[in-house]
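Scroll down for the structure; my scribbles are underneath it.
Just so it is clear, the structure is predicted and the values come from calculations on it, not from any experiment.
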Amino acid sequence: MKVMFIGDIVGSVGRSALRKALPALRGKYNPDIIIVNGENAAAGRGITAAIAKEFFDLGVNGITMGNHTWDNRDLFEWIDDEPRLVRPANFSSEAPGIGSAVIKAGSKKLGILNVQGRTFLPPNDCPFRAADDHLERLQRETNCVLVDFHAEATSEKIAMGWYMDGRASIVVGTHTHVQTNDDRILPQGTAFLTDVGMTGPMDGILGMERDAVLYKFLTGMPSRFVVAEGDWHLHGIVATLDEATGRAQRLEKIRLTETSLAMF
């Protein structure tokens, strides 16, 4: 089974990138299941029902989230009715929505699990223990499980990779919007990448307009961040999994720009 995961989609530029690039990505990689991180999809903050529908209509099979999950109150109206969207599993047990799901596409089944880190992010329950609880339930239905660890600290993401090695098929980090170069298959068969990267404006600062971010760094004063405009880049991974064992056989990074799409 081939699984494609596309990193944090930021604003309208990121959505446009996904819309334009997905046919070419499908043609090259022929993925069975496509998962995207959508927590920045609505102007950089959260997601709406209309945007989620747009992603599903494009052929996306599942959506993961992160620390901006609740930024659009629109979500409260439909999250409990959408089993293809998962928010961090280590949020409060009182929070609406689900932290994991089994995504089905034809005869293929992929468990997806979303957890959020605790280093430099708001406090939540332990992501490692939450991952344990959900992984056990997912593996009753499928050997193949993808973990999106939405975390700030590189060390915490790497720790999750090793903690899940041999248990999850894929562990990828999201949130920091910069694709790392440490893609590998760990000794027990888990495909790992510290951070997948982002899909959105390539000339902003993590997708945001440069001037506002620079003002905050230079003055220490509050600044309103808005999604940048201009050319886009798209980052992701494609992993090939052995369905019988859940082990990863191959892992490949995706790095695509608006300019390079024509030559893709």
Side-chain angles (χ1 to χ4, degrees), residues 2-48 51-66 68 84-85 103 110 112 114 146 148-150 157 170-183 191-210 225-240 250-264:
K2 277 190 178 180
V3 176
M4 179 180 291
F5 181 89
I6 296 174
D8 308 45
I9 296 170
V10 181
S12 60
V13 176
R15 301 197 308 270
S16 176
L18 183 70
R19 186 166 56 251
K20 292 174 181 176
L22 208 48
L25 292 171
R26 263 209 208 88
K28 179 172 181 178
Y29 296 108
N30 193 28
D32 297 295
I33 292 180
I34 301 171
I35 310 296
V36 303
N37 182 286
E39 71 124 21
N40 297 126
R45 294 171 178 83
I47 194 169
T48 66
I51 291 172
K53 182 179 185 301
E54 176 187 358
F55 290 166
F56 294 136
D57 287 348
L58 289 172
V60 169
N61 302 104
I63 301 171
T64 57
M65 297 294 286
H68 289 294
R84 296 169 292 179
L85 182 142
I103 301 298
L110 176 73
I112 59 171
N114 193 193
L146 177 148
D148 173 358
F149 190 29
H150 198 79
K157 293 179 183 179
I170 306 167
V171 176
V172 287
T174 56
H175 177 65
T176 47
H177 289 202
V178 178
Q179 189 178 82
T180 55
N181 198 36
D182 60 338
D183 50 306
F192 176 76
L193 181 63
T194 296
D195 200 278
V196 173
M198 63 165 276
T199 297
M202 66 182 297
D203 291 328
I205 296 176
L206 305 186
M208 298 295 116
E209 284 187 352
R210 295 194 302 267
F225 293 173
V226 296
V227 176
E229 299 293 335
D231 287 357
W232 53 261
H233 57 177
L234 180 149
H235 294 151
I237 59 102
V238 177
T240 304
R250 180 178 171 83
L251 176 63
E252 183 176 351
K253 294 195 302 292
I254 301 170
R255 293 178 61 87
L256 183 63
T257 67
E258 188 163 1
T259 304
S260 67
L261 177 60
M263 302 176 288
F264 191 68

Is there side-chain contact between [X] and [Y], with heavy atoms separated by less than 4.5 Å?
X	Y	answer
Phe192	Leu251	no
Ile237	Asp183	no
Leu110	Ile35	yes
Leu261	Trp232	yes
Phe5	Leu146	yes
Ile6	Leu25	yes
Pro31	Val238	no
Thr257	Asp231	no

Do side-chain atoms of [X] reach the backbone of [Y] as a donor and acceptor pair under 3.5 angstrom?
X	Y	value
Arg210	Asp203	yes
Lys2	Asn30	no
Gln179	Ile254	yes

Would Glu258 and Lys20 count as a side chain to side chain contact (heavy atoms under 4.5 Å, CB included) if you check the C-alpha gap in whole Å, the side-chain angles of each, and the deciding distance to 0.1 Å? CA-CA 9 Å; Glu258 188 163 1; Lys20 292 174 181 176; 4.0 Å; yes
Between [X] and [Y], which heavy-atom pair has the shortest distance, and what is it?
X	Y	answer
Ile47	Ala41	CG1-CB, 4.3 Å
Glu39	Asp8	OE2-OD2, 4.2 Å
Gly44	Val227	N-CG2, 3.6 Å
Glu252	Tyr29	OE2-OH, 3.5 Å
Thr199	Ala17	CG2-CB, 3.8 Å
Ala228	Pro201	O-CG, 3.2 Å

Side-chain H-bond candidate by donor/acceptor type, Thr180 with Lys157, under 3.5 Å: no
Hey, could you give me the [atom1]/[atom2] distance between [X] and [Y], rounded to the nearest 0.5 Å?
X	Y	atom1	atom2	answer
Arg15	Leu58	CZ	CG	11.0 Å
Phe149	Asn114	CZ	CG	10.0 Å
Asn40	Met208	CG	CE	6.5 Å
Arg19	Asp57	CZ	CG	11.5 Å
Arg84	Ile63	CZ	CD1	8.0 Å
Thr174	Met65	OG1	CE	10.5 Å

